Each structure stands twice: as C-alpha cells, then as structure tokens.
Amino acid sequence: MQLETALKQYYGFNNFRPGQKEIVEDILSGHDVLGMLPTGTGKTLIYQLGAVLLKGRALIVSPLVSLMQDQVDQFKQAGFKRTVALNSFLDHSDKRSVLHHLKDYQFVFVSPEILQNKYVRSALLSIDWSLFVVDEAHCISQWGHEFRPHYLDLAIIKKELGNPVCLALTATATVKVQEDIRNYLEMRDAKVHIHSMNRPNISIFVESFSQIEKKQDRAIDLINDLQGPGILYTNTRKGAEQLVSVLHERGMQDVSYYHGGMEQDERLLVQKQFLNSQLQLIVCTNAFGMGINKPDIRYVIHYHAPANVEGYVQEIGRAGRDMQPSAAILLYHPSDLEVPFHFIEHELPDDNQIDYILSDYEALAEHTLFERLQLAGISETGQRFMEYHLNNAGVLFEKCVPEEKRELLKKILKKKIEERKREKLKSLRMIEKWIMDEGCKRNMLLKYFGEEEIAAMDECCSGCQGELVRFYGKQEKEINTYHEWEDELKRLFRQEV
DNA sequence: CGTCCACTTTCTAAAAAGTGGACGGTGCGTTAGT
C-alpha cells in the first residue's frame, strides 16, 4: 500500500509532516531508526502507522506512567482500541488478566522498570513483536546512568524479543546523547533522522543579576507584565512554594506550584488546572513538563540557571507549540549553580563510601552489600546506582566478596563515578559559559547541538538586541476570565480537534 | 555553598543570639495486613 493511501485511510490526512514519511519507510524496510523531531511533529503517528503496515505489534517504552495513560487514551480515541499500558496503575488481577491476554493487544506501553518483572517479561517473550519503540529516548542518557538505571537494560530485552525493528524518538538530543541512545539500545547501524532543534518563534533572553534580592522583584514584574500562560522553573521545591505564596500575597490567585514532593492526585489536579487555563502560571521544579502538550504557553521563566543545556532546551521548548511568538527568560545569579553543583558532588557515593560498602571489616561481615548501602548514608539515587551495578556484578546479596573481585569492583565503580561527575560538571560549566557569553544565544545552542549556525533572525535573543517588551500585555487573559466555563470547554474541544 | 530547623546559650526571667547538622532535583516499582 502507498504510504499516502494509508495515511489518508487511517488519519484522513493528505500529506505527512516533515520527517514522518522517511522514518516510516525505514521502519518498513527493516531498519532501526533514531529520530530527533521537534515536538508537535506527530511522532506517535510514525509507530502507529509502522505497526499497522507491518501487521504486527509494537512495544513502547515510556518514561512516565501519567504520560502512558494519556497515550493509551489518545490511541483509543484515534481508533487503535487494542492498546494497553502495563504499569502500577493496574491492580493485581487486572495485571494478570492483561498478561494472560497480551496477544490480543497491538500496542503495549511499558516502563523500563516493569520490564524487570519476570512475569511481565515471560508474557512479552511469548508473543511476536514487530516494533520496539523507545519514546523520549533522551531519558536513556539523561536518567539511565544513575537515576533510573533500568533504562540501560533495554537492549537486553530487545534482544530477548528477537530484535524487532527498534525506533528511538526524542525531541532534543546532543551528539553525546545520540551516541548514548545508539550504544545502549545497541542500534549502531540505525538510520538517523535529525531535524533542527531550533524553535524560531521562541525568543531567548538572559538577564544577569549581581544582587540576588533584585531577582524576585524582576520575576514578579515579568509575571505581571507578560502575556500568559507561563511556566516558571525554580531550583528547589521550597523555592517554588515560597514564590507562590509571595505571588498569592500580592493578589495573584491563578498561580500554583508543582514538584515531585507532592501527592500524585495533587500534582494531577494542578496539571489539569493549568492545561484547562484555570491557572495562568505554574511555578515548578524540573518535575513538571515532560509530556505536557499545552499549545499556548507564552513564556518560560527560569528563576535559576538549570543544570545543563539539554534540560534548558527541553524546558523552554514547552513554550509556543502553537507557533505563536513566545519568550524564554533566564534570570541568572552566580549562586544559582550551587544547587546543581551540590547534586553532582553528592548524589553518587564518594571513594570512602565505596571502600566502606565493599570492605572486609569484621563489623560488617553480617551485612549483605545491599544492607550496607543503607548503612553507608548515601543518597537514594546513589543507592539505586550502586544496587544496579552490584547486582550486575552478582554480589548485591553477598556478605563477602573475594578480595581480587572486590578490588576490581572498587576500581571500576570509582572510575565510573568519576567519569559521570566529570561529564556533569562539564555540562554545568557549559551552561555557565552560555549564560555569560554575549554572542547570539540561539546560535550557541545550535552549535551545542551540533547544528550549523543560522543567519540573524528578528527578535532572536538578548544577544541580538531582542526586545522583551513586545511580549507584554494581558488582553487575552482578561477576556478569558469573563468566559463561562461551558464556552471555555467548547473552546478547548475545538482546539483539540 | 546557602538555608533552615532544632536546640542551646545568653543572661537574668522572656526573648534574642549562637551553634550544629541536615538538606537541596528528576520516577519507576511496592502486593504487607488492618
């Protein structure tokens, strides 16, 4: 079948969006693909169509359960009814029933962690898969090394599944992240489709402060003046909560905070209110944003510098999905970098802790290495990291490790930690350099992502004398507040269709 | 490194100032027994 015919039949569209067709073609001819496409290009369509035309099943690895639930709903609405997500939202009996009837599903969403479950694994292995999809594939590099190490094991399950065609999709990946993806998914021969990460409708502004007290006033002025809705990122949970209480005191009621320390239902509520335009501003840590597809976000303020350029680009990329002019504003003070610096220095165990965990001290002889991890006083992320590597070495539940192996492990782990720290510090220095450099902010980002520089644009960035003033004005918001909620609902429906 | 909190010290009786130390960001899974 012609691809265009299938597109028309299943979606009613006449033309593919840039990048879609080439990837579908590669998939159909049996090639692995690494696709970097800007958000809103319709990445989902690629593997929906791919699976349909291959007359097979797709296993889709997705990073967040909330995102998975949304995707399953969207698939069903789009007519792909045989779709399911395997995650902790399922209770015991539902899970058993889904696993038992797994062959009846065409699209199965999973987290990297649940792939470790032996029942899930054996159910998956008992049927044929045409596509192995890794959505938000930059997570392999961004989270896999320490925070969610099971991201590094995806190649193992892929092989067990008989090496179905592998499709890795992301919106932002530096050359280094692309390499990580291809290495850890063992798809070195993959066809690579990289599209520019440039978002011409987002103007980029950096403002430096030498007095930290002035930053809050500036942020409040911006929030007052800028056309919303907007997102403001802070470094810490407490910082987000405090800023919101200041804004509430000043009479701004349509503002809430969001961070990973909140209860699931509270997070969901805030997110829904924001998506429904009941909130004009969300003040949050980097927990907020992935999978958020609100088209009309007009600005993203960074109240602190983020820890790396990739994270920054992902965060500002949430603005202006509707292609309308939008602003990214970073309010920088040198002390911003202290929090990320702290995390880099302390999230992984230091040499003493490694020595302690792998020691032959008599006092520890009664404890397995797993138990020693809690005793060593390392961070939760550090524990995850160590659990993963000690388990791979087959010693996690041992009380005693032969001396030779012990010394080798110490050496390997210390080296690995040292490398990770070095890389992260390099990223931190890189964003600091980007902030301080007075050249074109956009071209520096393009260069960082391995792209060619572009000719000067209008309203490009603070390095190119862009003017923030044109993003001021609150007209639309005032009109919105007079809408009856029924009208608002209708408007949202129309927007989605 | 800076901030916040609990606790102690100050010095003289109620509250302020000092000190030590813990903490700081991302998420999956969890299947025990009222």
Side-chain angles (χ1 to χ4, degrees), chain A residues 61-69 85-96 99 109-121 134-136 138-154 157 212-213 215-216 233-243 257-264 267-268 271 283-292 302-308 310-312 314-315 318 333-348 377-385 387-388 391 420 424-425 427-428 431-432:
Chain A
V61 180
S62 180
L64 306 177
V65 287
S66 58
L67 193 55
M68 270 185 237
Q69 300 303 120
L86 274 173
N87 57 38
S88 56
F89 278 28
L90 295 176
D91 66 29
H92 196 48
S93 66
D94 285 343
K95 188 167 157 192
R96 211 169 52 180
L99 288 179
F109 286 86
V110 290
S111 66
E113 287 81 6
I114 211 162
L115 291 174
Q116 300 296 312
N117 180 301
K118 62 179 177 181
Y119 299 108
V120 170
R121 201 128 156 178
V134 183
D135 201 10
E136 310 282 0
H138 59 275
C139 291
I140 291 172
S141 181
Q142 186 175 299
W143 283 350
H145 296 289
E146 47 269 328
F147 182 50
R148 293 178 67 179
H150 294 306
Y151 255 106
L152 302 187
D153 287 337
L154 295 178
I157 182 103
I212 200 155
E213 307 79 34
K215 209 151 94 169
Q216 180 170 302
Y233 283 103
T234 63
N235 250 349
T236 61
R237 298 169 174 183
K238 192 163 255 172
E241 295 189 11
Q242 281 171 348
L243 190 58
Y257 59 84
Y258 181 105
H259 58 66
M262 294 157 62
E263 294 297 324
Q264 268 292 338
R267 289 172 68 163
L268 208 62
Q271 185 176 310
V283 179
C284 55
T285 61
N286 60 355
F288 184 79
M290 193 154 40
I292 295 296
H302 280 84
Y303 195 70
H304 301 104
N308 55 58
E310 290 97 304
Y312 175 74
Q314 280 156 24
E315 284 157 8
R318 281 153 201 157
H333 182 270
S335 67
D336 292 355
L337 300 174
E338 278 158 14
V339 169
F341 184 76
H342 165 88
F343 287 130
I344 295 167
E345 284 298 312
H346 296 286
E347 79 176 341
L348 293 177
I378 48 180
S379 72
E380 200 188 329
T381 300
Q383 289 187 25
R384 294 270 171 280
F385 173 90
E387 266 176 53
Y388 178 79
N391 193 40
R420 284 299 297 158
K424 289 187 160 190
L425 284 172
S427 302
L428 192 63
I431 193 145
E432 187 181 20

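Letters go in sequence order (proteins before strands), and every chain restarts at 1. Every value quoted in this text rests on a predicted model; they were computed, and no experiment measured them.
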How far does the [atom1] atom of [N] sit from the matching atom of [M], given to the nearest Å?
{"N": "B:dT30", "M": "B:dT9", "atom1": "P", "answer": "49 Å"}
{"N": "B:dC11", "M": "B:dA16", "atom1": "P", "answer": "16 Å"}
{"N": "B:dT12", "M": "B:dA17", "atom1": "C1'", "answer": "15 Å"}
{"N": "B:dC28", "M": "B:dA22", "atom1": "C1'", "answer": "27 Å"}
{"N": "B:dC4", "M": "B:dG27", "atom1": "C1'", "answer": "27 Å"}
{"N": "B:dG29", "M": "B:dC23", "atom1": "C1'", "answer": "25 Å"}

Pull out every protein N or O sitting under 3.5 Å from an N or O of nucleotides 32-34 of chain B, one pair per line with the distance.
none

Could you tell me whether [X] contacts a base, only the sugar-phosphate backbone, or nothing, with contacts defined as non-hydrogen atoms closer than 4.0 Å?
{"X": "A:Asn117", "value": "sugar-phosphate"}
{"X": "A:Thr236", "value": "sugar-phosphate"}
{"X": "A:Pro63", "value": "sugar-phosphate"}
{"X": "A:Glu347", "value": "base"}
{"X": "A:His259", "value": "sugar-phosphate"}

Open item on the list: To the nearest 0.5 Å, what is the distance between CG on A:Asp94 and CG on A:Leu99?
Closed with: 11.0 Å
Task: Rounded distance (nearest 0.5 Å) linking atom CD1 of A:Ile157 with atom CG of A:Leu115 - done: 5.0 Å
Task: Test: A:Glu241 and A:Lys238 ion pair at under 4.0 Å - done: no
Task: Lys/Arg N to Asp/Glu carboxylate O, A:Arg420 vs A:Glu347, below 4.0 Å - done: no
Starting from [atom2] on [N], measure out to [atom1] on [X] and report it in whole angstrom.
{"X": "A:Asn286", "N": "B:dG24", "atom1": "CG", "atom2": "P", "result": "14 Å"}
{"X": "A:Phe109", "N": "B:dG27", "atom1": "CZ", "atom2": "P", "result": "19 Å"}
{"X": "A:Arg267", "N": "B:dC28", "atom1": "CZ", "atom2": "C1'", "result": "12 Å"}
{"X": "A:His304", "N": "B:dG25", "atom1": "NE2", "atom2": "C1'", "result": "13 Å"}
{"X": "A:Glu345", "N": "B:dC23", "atom1": "CD", "atom2": "C1'", "result": "16 Å"}
{"X": "A:His346", "N": "B:dC1", "atom1": "NE2", "atom2": "C1'", "result": "9 Å"}
{"X": "A:Ile114", "N": "B:dT31", "atom1": "CD1", "atom2": "P", "result": "12 Å"}
{"X": "A:Tyr233", "N": "B:dG24", "atom1": "OH", "atom2": "P", "result": "20 Å"}

Sub-3.5 Å donor-acceptor pair from the side chain of [X] to the main-chain atoms of [Y], do we have one?
{"X": "A:Arg237", "Y": "A:His259", "answer": "no"}
{"X": "A:Tyr233", "Y": "A:Phe288", "answer": "yes"}
{"X": "A:Asp336", "Y": "A:His333", "answer": "yes"}

Taking only N/O atoms, report every protein-nucleotides 3-5 of chain B pair under 3.5 Å with atom names and distance.
none

Between [options], spot the one nearest the side chain of [X], thanks.
{"X": "A:Glu338", "options": "B:dC28, B:dG27, B:dG2", "answer": "B:dG2"}
{"X": "A:Phe147", "options": "B:dG25, B:dG29, B:dG27", "answer": "B:dG27"}
{"X": "A:Phe343", "options": "B:dT31, B:dG24, B:dC28", "answer": "B:dG24"}

TODO: For DNA chain B, just give me the dot-bracket, please: Watson-Crick or G-U, both distances below 3.5 Å, ( ) intra-strand, [ ] crossing earlier pairs, | paired with another strand, . unpaired.
DONE: ((((((((((....))))))))))..........
Task: Where A:Gln383 and A:Ile378 come nearest, the two heavy atoms and their spacing - done: NE2-O, 3.4 Å
Residue-phosphate contact under 4.0 Å: [X] side-chain N/O, [N] OP1/OP2:
{"X": "A:Ser335", "N": "B:dC1", "result": "no"}
{"X": "A:Arg237", "N": "B:dG25", "result": "yes"}
{"X": "A:Ser88", "N": "B:dG29", "result": "yes"}
{"X": "A:Lys95", "N": "B:dT30", "result": "yes"}

- [ ] I would like to know whether A:Met290 and A:Cys139 meet side-chain contact (heavy atoms from CB on, under 4.5 Å); could you show each step before the answer?
- [x] CA-CA 11 Å; A:Met290 193 154 40; A:Cys139 291; 4.2 Å; yes
Taking the side chain as C-beta and beyond, is there a heavy-atom pair between [X] and [Y] under 4.5 Å?
{"X": "A:Ser379", "Y": "A:His346", "result": "no"}
{"X": "A:Glu338", "Y": "A:Asn235", "result": "no"}
{"X": "A:Leu67", "Y": "A:Phe109", "result": "no"}

Task: DNA chain B: 5'-proximal contact among A:Phe89 and A:Ile344 (nearest heavy atom) - done: A:Ile344
Task: Partner of A:Gln142 by side chain to side chain donor-acceptor pair (under 3.5 Å), out of A:Glu136, A:Gln314, A:Glu310, A:Arg148 - done: A:Gln314
Open item on the list: I'd like to know whether A:Leu154 forms a side-chain contact (heavy atoms from CB on, under 4.5 Å) with A:Val61, so could you lay out the CA-CA distance, the side-chain angles of the two residues, the decisive distance to 0.1 Å, and finally the verdict.
Closed with: CA-CA 9 Å; A:Leu154 295 178; A:Val61 180; 4.2 Å; yes
